[in-house]
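Order of appearance sets the numbers: ligands from 1, and atoms from 1 within every ligand.
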Amino acid sequence: MPTLQLRNYIDGRWVDSSTGETFDNIDPATGELIASVAKSSTADVDRAIEAARRALDGWRLFPAPKRGEILYRAGEIMLRRKDDLAREMTREMGKVLPEARGDVQEGIDMTYYMAGEGRRQFGDVVPAELPNKWAMSMRGPVGVVAAITPWNFPFAIPTWKIMPALVLGNAVVFKPASYTPMLAVRLVEILEEAGLPKGVLNLILGPGGELGDHLISHPAVDLISFTGSSDTGSHISEIGGRLLKRVSCELGGKNAIVVLEDADVDLSLDGIVWSAFGTSGQRCTAASRVIAQTGVAQGLIDKLVGRAKKLRLGSGLEPSTDVGPVVSASQLERVHAFIPVAEKEGATVAAGGHVGTEGALAKGFFHEPTVLIDVKPNMRVAQEEIFGPVTAVIEVSGIDEAIKVLNSTKYGLSCSVYTRNVNNAFRFMRDAETGLVYINAGTIGAEIQLPFGGTKSTGNGHREAGRAALDVYSEWKSIYVDYSGKLQRAQMDTTETAKTAP
Ligand code: NDP
């Protein structure tokens with residue numbers, strides 16, 4: 001069978017890289033070649049940005065409800081293709097099929113939500129302080145958006161950026177992660193089929209490290225929307241900041257589940273297993289710390305170790321698989337390198353800790369679900385993002401210490417508490433320094449209609465999803481209409497106004 005070719009999409013055409021160079025797309029469960037992918041050059045990036053710039057005016061002036069209708073049609077196509085998209089996703093990046101379906105569903109939810117914004121995009125009409133004067137605000141597009149996305153949610157995360165950008169009238173250059181070009185191509189194909197005019201959305205495939213600086217520092221790019229690692233986010237922010245571009249970053253996390261002595265411990269176990277090992281721990285919201293109060297700690301560890309050991313590693317396409325591979329050989333190496341680091345600092349491996357080498361596992365990039373105990377809050381495994389199926393249990397004396405430990409990392413994305421005590425729940429909601437807080441649920445499972453993002457080194461103050469996303473992808477314009485027929489001076493003519501009041 002000929003190898004599948006994945007190409008760039010520039011100005012409404014599917015094209016090879018201008019150099020003809022390609023790179024391989026590999027199935028992480030088997031090591032097999034899936035596709036040959038266009039490796040773009042900076043000249044391709046220039047073409048994509050120029051196409052977006054040309055398309056911007058027409059798209060900006062296209063009525064927003066009509067833009068929303070195109071998104072709505074895209075959502076319908078996604079729904080019809082949900083199963084095929086999920087299968088391709090599992091092959092491309094390894095997550096188990098039910099989770100891949102969830103990823104696609106999240107993309108559908110976001111697409112429908114933003115389609116609705118075609119008829120909302122509310123501004124304010126407020127009273128003016130002077131007579132015969134009108135005051136209102138409205139949103140307009142920012143311009144050309146560079147959307148740079150990671151591989152862990154290869155369908156959902158691109159929709160979080162592209163859908164609000166499009167419905168608000170921006171043009172987009174989309175640079176997906178090099179591990180997941182196939183799902184990026186599928187998303188663009190869907191929007192093309194739904195009727196998006198040429199040039200409004202352009203796709204550039206290829207290595208971020210080489211193309212990235214060119215893309216983000218290009219004078220015709222107005223907004224950089226990035227999700228990925230904190231190191232890359234900081235690099236992008238530095239360049240974007242110097243050029244006074246708007247930069248929105250969603251970065252890493254070191255999320256924790258707190259289990260207090262008044263908790264339903266079995267319920268917390270379900271949340272921990274799902275949040276720590278789901279998507280092989282490769283969610284930015286994954287629970288890579290468990291903070292347990294002394295009275296429940298040992299019982300929780302015993303049960304957690306039992307549950308982790310029972311999880312079955314394998315291809316995400318097999319219905320019997322609980323945990324799929326990690327995305328690549330280098331990611332496997334990175335995750336596994338934390339085990340000796342943890343042991344050297346005094347932690348103990350209570351479950352897992354090995355790379356999967358038996359039978360079919362040897363061909364892919366598998367890491368056993370791992371539970372580390374005897375972990376102290378300042379150890380590297382308690383502070384650094386691991387982004388693999390590894391969780392570290394830390395024991396604390398009570399809620400005060402739990403909150404202190406929870407907030408002691410540089411990240412602030414997600415956290416949860418298991419407690420039956422309403423006072424503890426409300427204290428936790430108030431004092432947790434994270435963008436997402438769950439009560440009696442794990443750290444994963446955000447819904448698209450609320451803001452998504454985090455504090456501290458998890459981002460730079462912006463939020464994706466929900467209404468908050470509109471603020472990233474639009475400029476506010478405040479408009480005053482004076483229909484008095486004379487000069488009126490705001491803040492100065494107030495006594496005058498009072499005198500003429502009826
Ligand atoms: P990276 O930061 O390595 O890459 C993210 C994206 O940026 C990829 O498309 C990558 O391209 C591109 N990129 C890399 N270098 C540059 C550059 N110099 N300029 C512009 N773009 C560049 O992250 P990963 O893909 O490895 O994703 C994993 C990380 O993302 C984790 O740390 C995780 O926590 C975080 N993440 C955060 C989320 C959040 O919402 N907070 C959500 C999901 C992930 P290429 O693939 O070609 O290298």
- Proximity of His235 to ligand 1 by residue part, where a heavy atom lies under 4.0 Å: side chain
- Query: Does Glu433 pair with Lys456 as a salt bridge, N-O distance under 4.0 Å?
  - Reply: yes
- Message: If the cut-off is 4.0 Å to any non-hydrogen atom of Ile157, which atoms of ligand 1 fall inside it?
- Response: 42 (C), 43 (C)
- Item | Region of Asp231 engaging ligand 1 - heavy atom pairs below 4.0 Å | neither
- Task: Output the list of atoms in ligand 1 that are nearer than 4.0 Å to some heavy atom of Pro150, sorted by atom number.
- Result: 25 (O), 27 (O), 43 (C), 44 (C)
- Note on the structure: Of Gly212, Ser229, Ser217, Pro154, the residue with the heavy atom nearest atom 23 (O) of ligand 1 is Ser229
- For atom 17 (C) of ligand 1, the closest protein heavy atom turns out to be Gly208 O, 3.4 Å
- Query: Is the shortest distance from atom 4 (O) of ligand 1 to a protein heavy atom below 4.0 Å?
  - Reply: no
- Determine whether Arg7 and Val15 make a side-chain contact, defined as any pair of heavy atoms from C-beta on separated by less than 4.5 Å. no
- Message: Quick one, Glu189 with Arg186, criterion salt bridge (charged side-chain N to carboxylate O under 4.0 Å, His left out). Give me CA distance, side-chain angles, the key distance, then yes/no.
- Response: CA-CA 5 Å; Glu189 284 172 349; Arg186 297 296 178 245; 3.2 Å; yes
- Task: Give the C-alpha distance, both sets of side-chain angles, the deciding distance and a yes or no for salt bridge (charged side-chain N to carboxylate O under 4.0 Å, His left out) between Asp471 and Arg139.
- Result: CA-CA 9 Å; Asp471 287 333; Arg139 292 180 188 274; 2.9 Å; yes
- Any side-chain heavy atom of Tyr438 within less than 4.5 Å of one from Ser414? yes
- Query: For Gly253, is at least one N or O under 3.5 Å away from an N or O on ligand 1?
  - Reply: no
- Heavy-atom nearest neighbour in the protein, as seen from atom 30 (O) of ligand 1, with distance rounded to 0.1 Å: Gly228 C, 2.9 Å
- Query: Which ligand 1 atoms, with their elements, are less than 4.0 angstrom from a heavy-atom of Thr227?
  - Reply: 5 (C), 37 (C), 38 (C), 39 (C), 40 (O), 42 (C), 43 (C)
- Task: Start with the C-alpha gap between Glu117 and Arg120, add the side-chain angles, then the distance that decides, and say whether salt bridge (charged side-chain N to carboxylate O under 4.0 Å, His left out) holds.
- Result: CA-CA 5 Å; Glu117 282 301 328; Arg120 284 192 295 266; 3.1 Å; yes
- Does a side-chain heavy-atom distance below 4.5 Å link Val145 with Val173? no
- If you measure every N/O of Trp151 against every N/O of ligand 1, is any gap under 3.5 Å? yes
- Shortest protein contact, atom 10 (C) of ligand 1 (heavy atom only): Lys175 NZ, 3.9 Å
- Note on the structure: Nearest heavy atom to atom 41 (N) of ligand 1, choosing from Ile224, Ile216, Leu251, Val327, belongs to Leu251
- Just distances here: any N/O of Ile148 and N/O of ligand 1 closer than 3.5 Å? no
- Message: Is any side-chain heavy atom of Tyr9 closer than 4.5 Å to one of Glu192?
- Response: yes
- Task: Below 4.0 angstrom from a heavy atom of Thr149, which ligand 1 atoms are there? Numbered from 1 as shown, please.
- Result: 6 (C), 8 (C), 9 (O)
- Message: Is it true that Asn255 and Thr285 share a donor-acceptor pair across their side chains at a distance under 3.5 Å?
- Response: no
- Message: Is it the case that the side chains of Glu92 and Asn25 hold a donor-acceptor pair, with the cut-off being a distance below 3.5 Å and no angle test?
- Response: yes
- Report yes if the side chains of Ile386 and Val381 come closer than 4.5 Å at any heavy-atom pair, otherwise no. yes
- Message: Heavy-atom distances under 4.0 Å decide this one: backbone, side chain, both or neither, for Tyr179 against ligand 1?
- Response: neither
- Message: Once side chain to side chain donor-acceptor pair (under 3.5 Å) is applied, what residue pairs with a partner in residues 158-169 remain, sequence neighbours excluded?
- Response: Glu106-Trp160, Lys161-Ser225, Lys161-Thr227, Lys161-Glu464
- Query: Under the 6.0 Å and 45° cation-pi test, does Lys82 pair with Phe155?
  - Reply: no
- Task: Check each atom of ligand 1 against the heavy atoms of Glu385 and keep those under 4.0 Å away; list them by number with element.
- Result: 31 (C), 32 (O), 33 (C), 34 (O)
- Item | Enumerated ligand 1 atoms positioned under 4.0 Å from heavy atoms of Ser178 | 45 (P), 46 (O), 47 (O)
- Task: Considering only non-hydrogen protein atoms, determine which one is nearest to atom 28 (C) of ligand 1 and report residue, atom name and distance to 0.1 Å.
- Result: Phe387 CE2, 3.6 Å
- Using a 4.0 Å heavy-atom cut-off, say whether Ser230 meets ligand 1 through its side chain, its backbone, both or neither. neither
- Query: Backbone, side chain, both or neither: what part of Phe153 comes under 4.0 angstrom of ligand 1, heavy atoms only?
  - Reply: neither
- Task: With heavy atoms of Thr232 as the reference, note each atom of ligand 1 found under 4.0 Å away.
- Result: 1 (P), 2 (O), 3 (O), 13 (N), 14 (C), 15 (N), 16 (C), 17 (C), 22 (C)
- Query: Which pairs pass salt bridge (charged side-chain N to carboxylate O under 4.0 Å, His left out) with one or both residues in residues 212-223, sequence neighbours excluded?
  - Reply: Arg53-Asp222
- Return the residue, atom name and 0.1 Å-rounded distance of the protein heavy atom closest to atom 42 (C) of ligand 1. Cys284 SG, 2.9 Å
- Message: Out of all atoms in ligand 1, which are within 4.0 Å of some heavy atom of Gly206? Include the element for each.
- Response: 47 (O)
